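First comes the structure, then the notes that go with it.
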Amino acid sequence: MSSELEPRPTVAAPRRPARALTRLAGVAVLAGALVVGASATAVAAPGPPADAPRTTHGPCAYTETPEEPAARPVPLPPDPRRTPARGSVRVTLATNHGPIGLTLDRAAAPCTVQSFLHLVGKRFYDRTSCHRLTAYPTLSVLQCGDPSGTGAGGPGYRYRDELPTDLPPAPTDPTGERRVYARGVLAMANAGPDTNGSQFFLVYANSALRPNYTIFGEVDAAGLATLDRIAAGGIAPTAEDPAPVDGAPALPVYIRKAVRVHHHH
């Protein structure tokens, strides 16, 4: 699922408009084309087509996205009648720069945690890259979770947002629309409302975002140290932009393995 974070964080005049916490470059246009195509079809054919996308029957309603097939084959997540909504679960991302420990919060985002654990269990995240690093004053994140490494890939399904309601307003935003996504936050990237898939982002410095991204956990101290090392490496320069603030990390980042941690410390 192509994934977006904020059209244009407010920054001092970037050389060109910042890409959304979206897929990297250009794909947003394609998404626009897909939407137009889809609505045109809808006009021609009232009623759901015989091959309507499959949706799970539980409260999370994970829905196949035939228009965006999985970057790596994976079944729809389990969707029991009672989604586990209490307690926390630990997951470790073993990366080439060191471990990033995550604590998932079931109460904050039960459907998101359930999907994420499903993808971890199916090894969807193993041997994948973190394709995007941002270093704006108001957006400092590492984005991961796309096995295709392009920023346009996902798990072949989507599900609804579980948005935070209690984030403090961002002091950098005079409009009051943006909230603080604090250092250490783990959140889902998306391509608009209710389009969560597999891509997620890790916040390494307080960021100002509209509260349109599901927060489902936090990064531990060792993980933040790993993120700081990655961020310190900067963003890979390109021909068009010799000093980018948004793009592929200059130090390539690979998740060798994502593992659920079962023992309690």
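Note that this is a predicted model, so its numbers are computed, not measured.
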### Asn212 side chain to Asp161 side chain, donor-acceptor N/O pair below 3.5 angstrom
no
| said: For the residue pair Tyr136 / Ser207, report whether a side-chain donor-acceptor contact shorter than 3.5 Å exists. | reply: no
Interatomic distance, [X] atom [atom1] to [Y] atom [atom2] [nearest 0.5 angstrom]:
| X | Y | atom1 | atom2 | value |
| --- | --- | --- | --- | --- |
| Arg256 | Thr128 | CZ | OG1 | 12.0 Å |
| Lys122 | His118 | NZ | NE2 | 6.0 Å |
| Asn206 | Ser140 | CG | OG | 8.5 Å |
| Thr55 | Leu76 | OG1 | CG | 8.0 Å |
| Thr134 | Leu139 | OG1 | CG | 3.5 Å |
| Leu93 | Thr226 | CG | OG1 | 9.5 Å |

Give a yes or no on whether the backbone of [Y] and the side-chain of [X] come within a donor-acceptor separation of less than 3.5 Å.
| X | Y | answer |
| --- | --- | --- |
| Thr175 | Glu177 | yes |
| Arg127 | Phe124 | no |
| Asp146 | Ala152 | yes |
| Ser198 | Gly145 | yes |
| Thr65 | Thr63 | no |
| Thr56 | Asp79 | no |
| Thr95 | His97 | yes |

- Query: In terms of hydrophobic clusters joined by side-chain contacts under 4.5 Å, are Tyr213 and Val180 together?
  - Reply: no
State, to 0.1 Å, how close [X] and [Y] come at their nearest heavy-atom pair, and which atoms those are.
| X | Y | answer |
| --- | --- | --- |
| Ala208 | Ala170 | CB-CB, 3.6 Å |
| Leu167 | Tyr181 | CD1-CE1, 3.5 Å |
| Ala189 | Gln143 | CB-NE2, 3.5 Å |
| Asp241 | Pro244 | O-CD, 3.2 Å |
| Pro211 | Leu163 | O-CD1, 3.7 Å |
| Arg179 | Gly176 | NH1-O, 2.9 Å |

When you compare the side chain of [Y] with that of [X], does any pair of heavy atoms fall below 4.5 Å?
| X | Y | result |
| --- | --- | --- |
| Asn96 | Val253 | yes |
| Thr172 | Arg178 | no |
| Val259 | Val120 | no |
| Val74 | Leu119 | yes |
| Ser115 | Tyr157 | yes |
| Tyr62 | Gln114 | yes |
| Cys130 | Ile255 | yes |

Only one of Val203, Leu202, Val185 passes side-chain contact (heavy atoms from CB on, under 4.5 Å) with Val141, and that residue is Val203
Can you tell whether the side chains of Arg158 and Asp194 come within less than 4.0 Å, N to carboxylate O? no
| request: Before accepting this row, confirm whether a basic side-chain N of the pair Asp228/Arg183 lies closer than 4.0 Å to the acidic partner's carboxylate O. | output: yes
Sorted by chain and residue number, the side-chain hydrogen bond (donor to acceptor under 3.5 Å, both in side chains) partners of Arg54 (sequence neighbours excluded) come out as Glu64
Taken in chain and number order and not counting sequence neighbours, the residues that satisfy ring-ring contact (aromatic ring centres under 6.0 Å, His included) with Phe200 are Phe116, Tyr125
Taking only distance into account, with no hydrogens and no angle test, what donor-acceptor pairs under 3.5 Å do side-chain atoms of residues 101-112 form with protein atoms, sequence neighbours excluded?
unit_1, atom_1, unit_2, atom_2, d
Thr103, OG1, Arg90, NH1, 3.4
Asp105, OD1, Ala107, N, 3.0
Asp105, OD1, Ala108, N, 3.3
Thr112, OG1, Glu162, OE1, 2.6

